[in-house]
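All residue numbers refer to positions in the sequence shown, counting from 1.
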Amino acid sequence: MEVVIVESPAKAKTINKYLGKDYKVLASFGHVRDLPPKDGSVRPDEDFAMSWAVDAPSSKRLGDITKAVKDADGVILATDPDREGEAISWHVLEVLRQKRALKDKPVRRVVFNAITKKAVLDAMAAPREIDAALVDAYLARRALDYLVGFNLSPVLWRKLPGARSAGRVQSVALRLVCDRELEIERFVREDYWQIAALLDTPRGQGFEARLTEFGGKKLQKLSIKSQEEADSIKAMLDGASYKALSVEAKPTRRNPGPPFTTSTLQQAASSRLGFGATRTMQVAQRLYEGIEIGGEATGLITYMRTDGVQMAPEALDQARAAIADTFGERYLPEKARFYSVKAKNAQEAHEAIRPTDFARSPDKVRKYLDADQFRLYDMIWKRAIASQMQPAEIERTTVEIEAAGDGRKAGLRAVGSVIRFDGFLAAYTDVKDEDKEDENENRLPEIRDGETLAREAVNVTKHTTEPPPRYTEASLIKKMEELGIGRPSTYASTLKTLEERDYVTVDRRRLVPQAKGRIVTGFLENFFRRYVEYDFTADLEEKLDRISDGQLSWKDVLRDFWKDFSGAVDDIKELRVTDVLDALNEELAPLVFPPREDGSNPRICPKCGTGNLSLKLGRYGAFVGCSNYPECGFTRQLGENGENGDAALDGNKELGVDPVTGEEITLRSGRFGPYVQRGEGKEAKRASLPKGWSVESMDYEKAMALLSLPRDIGQHPETGKMISAGIGRYGPFLLHDGGYANLESVEEVFSIGLNRAVSVIADKKAKGPGRGGRGTPAALKDLGEHPDGGAITVRDGRYGPYVNYGKVNATLPKGKDPANVTLEEALELVAAKAGKGGKAKKPAKKAPAKKPAAKAKAKAKTGVE
C-alpha cells in the first residue's frame, strides 16, 4: 500500500475512489508548518535560517500521516500544481524525515491540473521529484514577507499609534488605493459643451451627427468651454445647410479573449456577478475539488490558480466538438486558437481555467450546483468555449457631413455599427463588449455621398469632467497585474488584509481608503519610499520568478534585499515624531485640511482663531488638534471615507436643556468624531453620532433620543424580561436576557415596537447564539451534529472563518478553505479550543474562547501576507 498526500479531505475522498484499495489518501489540510510570529523566525545573521512551527491541529494530522507512512510501501506527494503546493509537499517530506518515518521508502511527486479519474491516473503514471527551485522561491517569498512585516510593523506602532501592520505587497496595494484618492481630491473639474444635430435623409430616415470641426479647427472634448460659445455655434448650425461628404463602411472583426486566468476570473466575477476576490476563489475551489454528480464527486473545472491562457490539446478538441454541437459549424474556426501570456512576470505556465469536460454544459449540471457555483461555472464554461469560436463580424459605418451657413463651415460625424455575424458573442460577451452594445445597435440609415440632409434640431449639452473613479477589487487586481505586483494566488488575501486592518472599506464595490490607511501610506512614501515603489516591488517579484526557474539563488536575493532594507529600518527608527507629523501634514493636506465653505484658512483653528491645526497622534490613532493645547482643546477626527464628513464645530453648540435634570444639551466635536453631551464633568452623559447622522442635521430632539438610550421597549411575553434597544460598537441592537440581536437601521432603535422586537429575537434565537453584541453570522456550511448533541457549523466572522459549536468558536487554520471543512476536523478544532485533548464536552462546560482582539493583535504583529 502507498500513502498519497493531498491538501483537502474533499480531494482525498474523491482521489481515493479513483485509485482503489492499494492506496491510502490522507489530507494535510493545507500548510502543516509556518513561521511562528515571534522574533528570530528568520535569522539573517545565520544565512537566513528559518524556524518552523506546527500548530496543534497540524501536529495531529502529521502524526496520522507519519503513522500511515511507517506501515506503507511508499509515499506519493500529490498537492496542488503550484508554488504553494510544492511547498506543502516539501514541508510534509521534511517532517517525515525528521520523524525518521521514511527509511528507504520511495517518495514521488505527482501533479494534476484537474480532479478527474483520467487526470489523476495520468499523473500517477508520470511521477517526478520535488521541484527544488519552486521550493526555493517559496522560501524566499515567505522570508521576505516575514522580514518586511516583522521589522517594519513595530516601527509603525511607535511612530504612528493605531497603525496595525505593513507588508511587502499589502503596502504597495494600499498605496495604489490611496494615490487614486489623492488624484480625486486634487482633481479640478472643468465644464465643457457638446453639440449634436438631428438630421434626416431625403428618404425621411433620421439619425444623429456630432460636431467635430468648426471654423477650420478640429474640436477636442474640452474645446467648447462656455455657454456663450456653444450658443454661437448652435445659432450658425440652426441656419446651415447640410451635405453628406463621404460615407465609408468598413468591416471589422472582434476576436475572443483567452480562457480565464486567476486574475481575469476574479475581475470578471467582480464586474458581472458582484463577487469579491475571496468569494470567487472559495466557489472556484469547490468546483475544482468536486461536486457530487450521480453519486460521485466530480471536479468540474481545472486548477484555479494559474497565469496560463492555453488549454490542453484534448480540451481544445472537446471545446471544438461542443461548439459544433451547440452553435453549429459556422461558429467553428478551421483550426484551434492559441494564446500567449501578456501579464508581466507571469508565473508557472499551467493551463487556463476551463471545464474538465465541455460536454457538461451549465444547463446539464445546474441541478447539482448552488446559485453561486452555477453562476461561476456558467461564466467559466462560456468564456472557455468562446475562446475557440469564430470572431464577431461587425460593419462600422462613418459618415462625414458638412454644415455651411453665414459664411462659416462646420464638420459633423455620424458613426454606426452593426453585427453581421455574432461569432463568439453568441456564447460570451465581455463586460467591455456589453458597454459597446448601444454602439452596436446604432445602425445608420442609408446615406449616400453628396446628398443633402435636412436639419430637425440642434442640441447643446453641458458636461463636467469627472475625476478618475476609485478602484474596485476588479480594477485594482487588473492594475496590480499590469504592474507585476504580487501574484494572482495572493490578490484575494491581500485585499482581505487591507479590509481587516481597517485601511480600506468597500462602499458600493469601490475601495475607499480610510484615514488610518492613508496615514500609513503617507508615512511609507515619505520615509520608506523605495519599498513601496511599484517598479521596485515588481522587480522583486521578477526575481522570485527567476528563482522558481532556477536562474537565481534565493539566498543571494535575500542578502541583497536585507542589506539595504535593514539600514532603511534603522534610519526610520531615529526619526522624531514631529518630523513625521510635519511631512504628513503636507502629504495629506486635502485630508487633514479640507477647504472651508467660507474660504478661510483651513489650517487655522476655528475655535481659538490663533492656533495652527496639525495632525496629532493619540493612543488610538491620528486626529487633528490645535497648537494652542491645552489652552485650546479643539480636536477633530480625520474625515471618514477620506473626506471631512462632518463640519468642524466652532466650540460647543447648544441644543437645549433636559427638562428633567435641567442640564444643558450640547453638540461637540471630539477626537473620535462629533457627539452630544448632557451636563459637564466626568459624570456627564455622552453619545456619539451614529453612522449616517451629520452635524448639520442634529437638533434637540435627536440629541435627547440618543442620550436616552438604551430604550426600554417592553417585557417579553414568554420570559417576562425587559427588551431594550441601543446602539453599540457593531451598530443598532436589541438586548434581551443577556443576548443580543442586530437591528437593520439606527432609526429602528427609536421606533421598533414590542411585536417586531419579539420577532427579531425569535429569528436570532433560531440561528443560534452570537458573540458579544453582534448577531451570529449566517452559517457557510452545516457539518452535522456533535456527539454530545448540538449543531456544528462553519461561519465567517470579523476575524475570518471559524467553526461554531454552542458558545465555542474555533478559528480555522490559515489557508483552510471553509467549504472543505469536515465534521471530523471541526470536532478536533472544537476540542482544542475547549482546552481538552480529546472528546469535546457540552458547550456550557467549555473554557471561554480566547478573545478575538488578542488573536487579532498576534496576527497584526507579523504584518506578513
Next item on the list: For T610, check side chain to side chain donor-acceptor pair (under 3.5 Å) against everything at least two apart and list the hits.
Entry: N628
Notebook entry, point to check: Does NZ or CZ of R142 come closer than 6.0 Å to the centre of the six-membered ring of W52, within 45° of the ring's axis?
Noted result: no
Next item on the list: Establish, yes or no, whether the cationic atom of R509 lies under 6.0 Å from the six-membered ring centre of Y471 and within 45° of the ring axis.
Entry: no
Next item on the list: Output all residues satisfying ring-ring contact (aromatic ring centres under 6.0 Å, His included) with Y138, sequence neighbours left out; order by chain, then residue number.
Entry: H31, H91
Any salt bridge between [X] and [Y], counting N to O under 4.0 Å?
| X | Y | value |
| --- | --- | --- |
| E541 | R168 | yes |
| D556 | R559 | yes |
| D549 | R546 | no |
| K543 | D539 | yes |
| R305 | D82 | no |
| R530 | D535 | no |

Next item on the list: Step through the shown structure and confirm whether more than 12 heavy atoms of other residues, nucleotides or ligands are within 6.0 Å of CZ on F536.
Entry: yes
Whether the side chain of [X] engages the backbone of [Y] through a donor-acceptor N/O pair (distance < 3.5 Å, no angle test) should be reported.
| X | Y | answer |
| --- | --- | --- |
| K555 | F48 | no |
| T521 | G517 | yes |
| E86 | D131 | yes |
| N585 | L615 | yes |

Check: Which of these, R180, E473, E181, sits in a side-chain contact (heavy atoms from CB on, under 4.5 Å) with L511?
Finding: E473
Item checked: Y531-F565 aromatic ring centre distance below 6.0 Å -> yes
Next item on the list: Mind running side chain to side chain contact (heavy atoms under 4.5 Å, CB included) on V808 and L829 for me, showing each step along the way?
Entry: CA-CA 10 Å; V808 178; L829 291 170; over 6 Å; no
Next item on the list: Taking all heavy atoms of D39 and all of F150, pick out the closest pair and write down the distance.
Entry: N-CZ, 3.3 Å
Margin query: Contact between T262 and D307 at the side-chain level, heavy atoms closer than 4.5 Å - yes or no?
Written below: no
